[in-house]
Number of protein chains: 2
Amino acid sequence: MLSAALELFSEKGYHNVPMHEIAEKAEFAIGTLYKFFRNKEDLYRTLILENTDRFHEALTKALEETDDEVEKLRNYVRAKGEVFRANASVIRLYLAETQGAKFNVMVGFDADIRERYGKFLQSLALVFEAGIKKKRFKRIADPYHLSVSLVNLTNAFLFLWLEEPEHHPYPEDPDTVLNILFKGLLDQ
Amino acid sequence: MLSAALELFSEKGYHNVPMHEIAEKAEFAIGTLYKFFRNKEDLYRTLILENTDRFHEALTKALEETDDEVEKLRNYVRAKGEVFRANASVIRLYLAETQGAKFNVMVGFDADIRERYGKFLQSLALVFEAGIKKKRFKRIADPYHLSVSLVNLTNAFLFLWLEEPEHHPYPEDPDTVLNILFKGLLDQ
DNA sequence: CGTAAATGTGAACGACATGTCACTATATAG
DNA sequence: CTATATAGTGACATGTCGTTCACATTTACG
């Protein structure tokens, strides 16, 4: 059921997928859906929460695999690529939930999702902060801003890939993304 | 009518605003709306197109005010702040249209909007390319990637501001954003 | 087997949103 | 002042979608 819903939501968006279509794709009767989920929103919520948890777990693990801050970032960019390549249809929903247009589904932000996303931003910010303290990184901006920047940078690359997979592949080498942060555009 | 629709869409999202509510807010009867717009989607489209055109014009102008590439970028970041600060309620819709979740309104991408957005990305990429040729910039990434990066970086800051205006103001000094590109995180 | 619990069904229902249309009011022009 | 165009109205037809519920089918188990 969840995977049928996932594909449809990701393709057409929450409001353009009627329950009966999900039922049909999942090869169940409508009534059965309602045995498992209180309503459409509950189904969507479960779907999103299950997936974002899986992602954030994988991404958090990527930050913990080494002590070197540069490697942590490389692992993050690499892991994000792997996770999403394997779950292409989730990306749209994930981006929709963490980026802009949340009001499209629920009117208010979903507190749970926001909180988990916020926590991840914090733990990534800690990597930058530690790197700055250890003098591995220069303090070119506030660590939290750096965290938001890197997340959005990778999202941007994911988005390019989503739109034109063959023309804009998600980079194999994490440094393709990271050099934008690592190297300065200006000399000195 | 358009400004009534704008406020409502921006607050609740396209699918959560019935036409009669727009009519009420605009102090017209429903029938009158349909004298001016063929349908709801047409109303939305007109709204978005009018605004994105205004923005892209302002942002493109910002890139043309000087010959110095660094100043062009500063003007861009500054102009983006000004434009959106003056039109807060449009940002949500603009981000929703240019970032991720387009399928939330129309099932397919809106070709017009995508095209204009793509053109702007191109002209910003030209700034980076020119800067690299003139040796003002180091070639730390593909110019188009740099363009996408800067646009997404500023969007990220706008988004922070949207969520918590007093806690995360959009930076007065454009270099707060630009240093993330200008200065390298790593030494050398 | 028999029976009870769990799982599954889909026609029917009601709420509600879009878009229409016959009509009125107002403005413009000859 | 009449005629014609334009702007405005809002009750309602039409259709869709989320959700329910009385019933059927399968499974679990003593």
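In what follows, every chain begins at residue 1, and chains take the letters A, B, ... in the order their sequences are listed.
Tested against Phe55(B), the residues Phe84(B), Phe120(B), Tyr117(B) include a single ring pair (Phe, Tyr, Trp, His ring centres under 6.0 Å) partner, Phe84(B).
Using modelled atom types, one finds no donor on one side chain facing an acceptor on the other under 3.5 Å when comparing Asn75(B) with Lys61(B).
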N/O contacts under 3.5 Å, protein versus nucleotides 25-28 of chain C?
none

Output a table of nitrogen or oxygen pairs between the protein and nucleotides 18-22 of chain C separated by less than 3.5 Å.
{"from": "dT18(C)", "atom 1": "OP1", "to": "Lys40(B)", "atom 2": "NZ", "distance (Å)": "2.8"}
{"from": "dT18(C)", "atom 1": "OP2", "to": "Met19(B)", "atom 2": "N", "distance (Å)": "2.8"}
{"from": "dG19(C)", "atom 1": "OP2", "to": "Tyr34(B)", "atom 2": "OH", "distance (Å)": "3.1"}
{"from": "dG19(C)", "atom 1": "OP2", "to": "Lys40(B)", "atom 2": "N", "distance (Å)": "3.0"}

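Residue Val151(A) comes nearest to Thr154(A) through the heavy atom pair O-OG1, 2.8 Å, listed as atom of the first residue, atom of the second, then distance.
Formation of a donor-acceptor pair under 3.5 Å by the Lys72(A) side chain with backbone atoms of Thr66(A) is found in this model.
As a whole-Å value, the separation of His15(A) NE2 from dC17(D) C1' is 13 Å. Separating the CZ atom of Phe37(A) from the P atom of dG8(C) is a distance of 12 Å, rounded to the nearest angstrom. One atom, CD1 of Ile22(A), and another, P of dC17(D), lie 12 Å apart when rounded to the nearest Å. Between the CG atom of Asp42(A) and the C1' atom of dG18(D) there is a distance of 14 Å, rounded to whole Å.
Applying the 6.0 Å contact sphere to NZ of Lys134(B) captures more than 12 heavy atoms from other residues, nucleotides or ligands.
Aromatic pair Tyr94(B)/His56(B): ring centres closer than 6.0 Å.
Remark: Arg54(B) does not engage Glu57(B) in a salt bridge, criterion side-chain N to carboxylate O under 4.0 Å.
Looking at heavy-atom distances under 4.0 Å, Phe36(A) makes contact with sugar-phosphate atoms alone, never a base.
A cation-pi contact links Lys40(B) to Tyr14(B), judged by a cut-off of 6.0 Å to the six-membered ring centre and 45° from its axis.
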